[in-house]
There are 4 protein chains.
Amino acid sequence: MQLSVDVDNGMPIYEQLIRQVKYAVAEGVVVPGQMIPSVRDLARQLAINPNTVQRAYQQLQSEEIIESLRGRGMAVCLGAKKQCQTDRQTLLGERLMAVIEEAVRSGLDSDRLREMFERGLSKAIRKNEASS
Amino acid sequence: MQLSVDVDNGMPIYEQLIRQVKYAVAEGVVVPGQMIPSVRDLARQLAINPNTVQRAYQQLQSEEIIESLRGRGMAVCLGAKKQCQTDRQTLLGERLMAVIEEAVRSGLDSDRLREMFERGLSKAIRKNEASS
Amino acid sequence: MQLSVDVDNGMPIYEQLIRQVKYAVAEGVVVPGQMIPSVRDLARQLAINPNTVQRAYQQLQSEEIIESLRGRGMAVCLGAKKQCQTDRQTLLGERLMAVIEEAVRSGLDSDRLREMFERGLSKAIRKNEASS
Amino acid sequence: MQLSVDVDNGMPIYEQLIRQVKYAVAEGVVVPGQMIPSVRDLARQLAINPNTVQRAYQQLQSEEIIESLRGRGMAVCLGAKKQCQTDRQTLLGERLMAVIEEAVRSGLDSDRLREMFERGLSKAIRKNEASS
DNA sequence: GTGGTCTAGACCACC
DNA sequence: GTGGTCTAGACCACG
């Protein structure tokens with residue numbers, strides 16, 4: 001699992017970490033039961049404050065994505081994969097819905113919006129293929 | 001022009017005001033040249049601090065959406081309507097693009113995404129018609 | 001004497017009026033002893049608040065540029081012309097000095113500054129001839 | 001970087017700070033990437049309100065002179081030095097032009113103006129050398 | 001520790 | 001009346 005942080009990005013670092021871990025779990029990059037990097041290791045590796053890592057792990061723990069195994073470290077919870085997948089779907093759905101609603105509310109034409117969507121989709125697909 | 005604030009929402013109050021004013025200008029609810037509520041009036045009406053309103057107005061002023069007429073109040077700038085409209089289009093486009101990209105990156109099938117989009121669109125249109 | 005106000009300009013209206021009256025006196029457009037427009041007339045003509053005109057006239061009066069003739073209006077004081085001329089010279093000198101000082105303090109080369117000055121002078125002369 | 005405020009001066013404190021920071025950046029007193037004093041420190045040091053410093057910093061941030069590093073402080077932006085230098089040149093040029101124009105418009109003789117300029121320049125240079 | 005936001009209340013210049 | 005500036009002091013998110 002390769003994690004990274006973007007300091008310039010407006011998103012809080014701990015939130016970036018949370019997202020990336022959830023993403024990795026949903027994708028199967030890390031599987032339930034597997035250990036994830038220790039707080040200290042990850043902090044050193046990313047050159048960030050251990051408190052920040054700790055905060056991310058705490059939230060993941062409270063969401064039952066990872067669990068603390070005393071004396072050994074943090075491991076991915078058993079039901080985590082499915083949960084992360086549905087979480088992401090739900091989140092994506094909500095965000096998509098919000099954008100569409102605002103567009104419609106501001107009087108944007110349906111066909112115009114469809115066109116924007118299709119153009120965006122093609123672009124995203126190309127971009128995705130290029131990076132993989 | 002009816003403004004409102006949602007204190008519980010994470011968004012800063014002054015930013016909510018900025019958005020709503022821009023929205024009203026883009027929609028033609030207030031037209032260029034027209035006066036907008038005075039700092040004190042709006043603060044009283046929304047039960048918030050005048051400084052918060054002031055801050056929103058100042059930023060709108062620096063973006064040349066409104067202008068200060070000394071001793072008289074704040075008025076919508078002449079070129080503001082067009083600017084607010086394009087601003088919103090650009091913003092919507094970016095947000096839509098971001099959602100699509102993340103969906104594609106997370107391996108969502110194009111047809112599945114299109115389906116979500118169409119269902120969201122229908123729902124948004126119904127919702128919009130109901131409220132108008 | 002033709003007075004005008006520029007609302008967009010940052011300078012207070014009453015100060016614009018003061019300047020323009022002094023300018024007119026210095027130029028001999030109005031001569032000592034001559035009457036100047038009444039507060040009400042001028043306010044109506046420029047579509048500004050009578051209070052603003054009043055304020056300008058009061059300050060001019062306290063500087064002994066104009067005097068109030070009871071029941072008749074405001075007139076230019078006898079020694080006003082000379083005073084306005086020297087005032088303007090002094091003011092211009094101070095402003096020029098301030099700009100030069102800041103330029104020098106910021107490390108601008110003397111020859112570079114001279115060049116800017118000469119270019120500005122030529123431009124100003126052309127502009128002045130064109131408008132006259 | 002040594003900042004100071006003059007409360008008696010008509011210029012708003014936050015604007016004085018903005019000017020001084022820009023000046024320091026243009027002069028290279030602080031270099032891109034370097035941290036500038038924290039809001040609280042500067043406020044304490046100058047015996048002014050943290051909000052006032054905050055306001056100055058926010059405006060500098062919106063002009064992309066400095067950037068906020070979350071939880072760490074404010075740092076000078078990479079492209080800031082050049083921008084501050086050109087800004088100052090432009091501003092000085094405009095102010096010089098304005099003075100010259102008014103002088104010409106008021107009928108001042110070119111040679112008389114040149115004389116004033118040269119005298120002012122010598123004086124400014126002496127003053128500058130004395131203080132350095 | 002840092003910056004970001006908000007409230008409360010004051011004084012000023014301007015119209 | 002209007003906006004513009006400032007102070008004092010609070011709470012929050014982030015590292």
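Residue numbers start from 1 in every chain, and the chains themselves are labelled A, B, ... in the order their sequence lines are given, proteins ahead of strands. Since we're looking at a predicted model, the values are computed, not measured.
The line from CG of D/Leu17 to CD1 of D/Ile13 is 7.5 Å long, rounded to the nearest 0.5 Å. In this structure, CG in C/Leu42 is found 10.0 Å from OG1 in C/Thr52, a value given to the nearest 0.5 Å.
For D/Gly71 and B/Leu69, each mapped to the nucleotide of DNA chain F holding its nearest heavy atom, the one lying further toward the 5' end belongs to B/Leu69.
Among residue pairs with one or both ends in residues 67-83 of chain D, none qualify as side-chain hydrogen bond (donor to acceptor under 3.5 Å, both in side chains); sequence neighbours excluded. A side-chain hydrogen bond (donor to acceptor under 3.5 Å, both in side chains) check over residues 1-16 of chain C, counting only residues at least two apart or in different chains, returns nothing.
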Would you please test B/Ile65 and B/Cys84 for side chain to side chain contact (heavy atoms under 4.5 Å, CB included) and show each step?
CA-CA 8 Å; B/Ile65 308 294; B/Cys84 287; 3.8 Å; yes
Please walk me through it: do C/Met74 and C/Leu69 pass side chain to side chain contact (heavy atoms under 4.5 Å, CB included)?
CA-CA 6 Å; C/Met74 311 290 279; C/Leu69 302 180; over 6 Å; no
Begin from the C-alpha positions of C/Met1 and C/Val25 and carry the test side chain to side chain contact (heavy atoms under 4.5 Å, CB included) through to its verdict.
CA-CA 9 Å; C/Met1 178 173 56; C/Val25 173; over 6 Å; no
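The pair A/Arg88-A/Glu27 meets the salt-bridge criterion, with a side-chain N (NZ, NE, NH1 or NH2) lying under 4.0 Å from an Asp/Glu carboxylate O.
Contacts between chain B and DNA chain E, taken as any atom within less than 4.0 angstrom of a protein heavy atom, begin and end at E/dT5 to E/dC15.
Residues meeting the salt bridge (charged side-chain N to carboxylate O under 4.0 Å, His left out) test with A/Arg55, sequence neighbours left out: none. For A/Arg19, the salt bridge (charged side-chain N to carboxylate O under 4.0 Å, His left out) partners are B/Glu102, not counting sequence neighbours. D/Thr86 meets the side-chain contact (heavy atoms from CB on, under 4.5 Å) test with no other residue; sequence neighbours excluded. Remark: C/Asp41 engages C/Arg44 in a salt bridge (charged side-chain N to carboxylate O under 4.0 Å, His left out) (not counting sequence neighbours). Legend: residues meeting salt bridge (charged side-chain N to carboxylate O under 4.0 Å, His left out) with C/Glu94, ordered by chain and number and at least two apart, are absent.
Stems are defined here as 3 or more consecutive Watson-Crick or G-U wobble pairs with pairing distances under 3.5 Å; those involving DNA chain E are E:1-14 with F:1-14.
For C/Glu64, the CD atom counts as loosely surrounded, since its 6.0 Å shell holds 12 or fewer non-hydrogen atoms of other residues, nucleotides or ligands.
Taking every heavy atom of residues 59-68 of chain D and every atom of DNA chain F, no pair lies under 4.0 Å. Contacts between residues 1-24 of chain C and DNA chain F, defined by a heavy-atom separation below 4.0 Å, involve no residue at all. Across residues 38-54 of chain B, B/Ser38, B/Val39, B/Arg40, B/Asn51, B/Gln54 each have a non-hydrogen atom less than 4.0 Å from an atom of DNA chain F (numbered order).
For the OP1/OP2 pair of F/dC14 and a distance below 4.0 Å, the side-chain nitrogens and oxygens of A/Arg55 include at least one atom meeting the criterion.
Counting only heavy atoms from C-beta outward, the side chains of B/Tyr57 and B/Pro37 approach each other to under 4.5 Å.
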